[in-house]
Amino acid sequence: MLYNLDCVDGSEKIIDDESVDLLIADPPYNLGFGGTKHTKTKKPRFNIIANDQLSHRNYQRFTFQWLRQAYRILKPGRHIYVCIDWRMYPYMALWMRRVGFVIKNCITWNKVHMGMGHQYRFQHEFIIFAVKGEKARRIRSRSATDIWSIPRISGNKTIHPTEKPVEVMQKMILNSSEPGEMVVDFFSGSGPVAEAVIRSGRELTAFEIDPHWYEVSKQRIEAVQQELREEGADL
Ligand SMILES: C[S@@+](CC[C@H](N)C(=O)[O-])C[C@H]1O[C@@H](n2cnc3c(N)ncnc32)[C@H](O)[C@@H]1O
């Protein structure tokens with residue numbers, strides 16, 4: 001189920017304590033990013049996403065709010081993945097620990113193709129992998145490493161300013177949940193987590209605060225469900 005709600009209020013109202021098997025969060029990084037620029041006008045292709053241009057203090061407050069909800073709803077031993085980049089990593093890791101999460105690793109997403117940046121072009125982001133409590137569930141793959149080389153979606157093909165490939169989300173879901181389990185996405189954007197959850201036979205609860213991105217995610221979910229129905233899946 002996808003909700004056009006703030007993930008903090010929404011999860012508080014809708015999701016019971018310790019009822020979630022996996023939580024995925026690709027939050028605003030507070031970098032005020034409007035996506036790649038149009039070649040001709042040099043203007044950003046998108047508006048800045050919600051909660052991506054806050055004072056540091058307000059960003060910290062907002063992050064603590066959703067992290068506390070994430071901690072409350074996750075079952076003990078279950079995993080949380082939080083996407084972040086090198087600029088905000090130190091804060092996010094600290095704040096996650098303060099809320100109670102035990103950080104197990106930091107995955108490097110190697111985007112394969114270079115992006116922006118002046119002093120060395122950017123080609124990676126981080127994904128913090130953490131657990132609620134000391135007794136962590138094992139990831140399903142025994143040979144998975146903490147470097148994921150998955151090509152980014154090229155700037156002119158993205159439909160959301162900070163869009164991630166569905167394969168990145170799929171890896172988290174397949175490694176950290178079983179079929180039929182509940183996966184929660186706090187920041188749906190264009191809906192790659194939703195797509196990966198549906199394709200892998202898990203249950204979805206997702207939030208997106210912006211009506212436009214909510215609609216984009218909703219349409220993506222409907223298209224994937226339609227595709228799977230045509231293939232004969234029992235949804
Ligand atoms: C980094 S983007 C996620 C992009 C997504 N992973 C994708 O690949 O399309 C963060 C998204 O969270 C949304 N958002 C910001 N604050 C939110 C909140 N409090 N609750 C729910 N969604 C929020 C933004 O509108 C934005 O679409």
Side-chain angles (χ1 to χ4, degrees), residues 1-15 22-36 44-55 58-70 72-73 80-89 92 95 107 109 111 115 122 125-128 148 150-173 183-199 204-221 223-224:
M1 190 78 163
L2 170 72
Y3 297 94
N4 183 200
L5 289 174
D6 168 17
C7 61
V8 178
D9 295 345
S11 58
E12 186 160 22
K13 283 193 198 117
I14 294 162
I15 308 180
L22 168 63
L23 203 138
I24 297 176
D26 180 15
Y29 296 175
N30 207 28
L31 298 171
F33 182 58
T36 47
R45 292 175 57 230
F46 303 99
N47 293 328
I48 292 169
I49 55 176
N51 292 314
D52 200 33
Q53 216 169 22
L54 302 176
S55 67
N58 284 343
Y59 183 69
Q60 179 174 359
R61 188 176 300 136
F62 162 63
T63 306
F64 269 120
Q65 284 173 342
W66 69 257
L67 280 175
R68 282 200 194 100
Q69 282 301 323
R72 178 186 69 77
I73 64 180
I80 178 171
Y81 291 83
V82 179
C83 304
I84 202 70
D85 90 337
W86 60 273
R87 287 162 284 193
M88 299 309 283
Y89 171 85
M92 189 59 79
W95 298 339
I107 293 154
W109 171 34
K111 304 186 194 183
F122 298 161
E125 280 184 37
F126 292 137
I127 302 168
I128 303 175
W148 298 359
I150 298 171
R152 70 180 175 87
I153 305 167
S154 73
N156 54 5
K157 295 214 175 88
T158 51
I159 54 168
H160 184 285
T162 64
E163 189 175 344
K164 298 218 164 36
V166 66
E167 292 82 1
V168 171
M169 307 311 188
Q170 193 129 33
K171 231 171 145 76
M172 303 177 195
I173 291 162
V183 180
V184 170
D185 177 11
F186 267 2
F187 303 97
S188 184
S190 63
V193 173
E195 175 171 346
V197 167
I198 295 165
R199 288 194 188 281
L204 173 77
T205 300
F207 299 97
E208 173 51 58
I209 201 169
D210 184 317
H212 172 70
W213 299 121
Y214 165 79
E215 204 46 51
V216 170
S217 281
K218 190 168 153 244
Q219 282 174 20
R220 183 168 182 171
I221 290 171
V224 174

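By convention here, the first residue in the shown sequence is residue 1. Remember, it's 1-based here, ligands and their atoms both numbered in the order they're listed.
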Task: Polar atom proximity, Cys7 to ligand 1 (N or O, under 3.5 Å) - done: yes
- [ ] Output the list of atoms in ligand 1 that are nearer than 4.0 Å to some heavy atom of Ile49, sorted by atom number.
- [x] 1 (C), 2 (S), 10 (C)
- [ ] Heavy-atom contacts with Asp6 under 4.0 Å: which atoms of ligand 1 show up? List them by number with element.
- [x] 18 (C), 19 (N), 20 (N)
Open item on the list: Can you name the atoms of ligand 1, numbered from 1 with element, that are less than 4.0 Å from a heavy atom of Ser190?
Closed with: 7 (C), 8 (O), 9 (O)
Task: Of the listed options Leu5, Ile209, Asn47, closest to atom 14 (N) of ligand 1 (non-hydrogen atoms) - done: Ile209
- [ ] Determine, for Lys164 against Glu125, whether the closest basic-nitrogen to carboxylate-oxygen distance falls under 4.0 angstrom.
- [x] yes
Task: Reported CH2-to-CZ distance for the pair Trp95 and Phe64, which is rounded to 0.5 angstrom - done: 7.0 Å
Open item on the list: Between ligand 1 and Glu208, is the shortest N or O to N or O distance under 3.5 Å?
Closed with: yes
Open item on the list: Is Trp66 close enough to touch ligand 1? Criterion: a residue heavy atom under 4.0 Å from a ligand atom.
Closed with: no
Open item on the list: If the cut-off is 4.0 Å to any non-hydrogen atom of Ala50, which atoms of ligand 1 fall inside it?
Closed with: 15 (C), 16 (N)
- [ ] For the pair Arg87 (side chain) and Leu31 (backbone), establish whether a donor and an acceptor sit closer than 3.5 Å, ignoring hydrogens and angles.
- [x] no
- [ ] Would you check whether Asp210 has a nitrogen or oxygen atom less than 3.5 angstrom from a nitrogen or oxygen atom of ligand 1?
- [x] no
TODO: Examine ligand 1 and decide if any of its atoms is less than 4.0 Å from a heavy atom belonging to Pro161.
DONE: no
Open item on the list: Any heavy atom of Tyr29 closer to ligand 1 than 4.0 angstrom?
Closed with: no
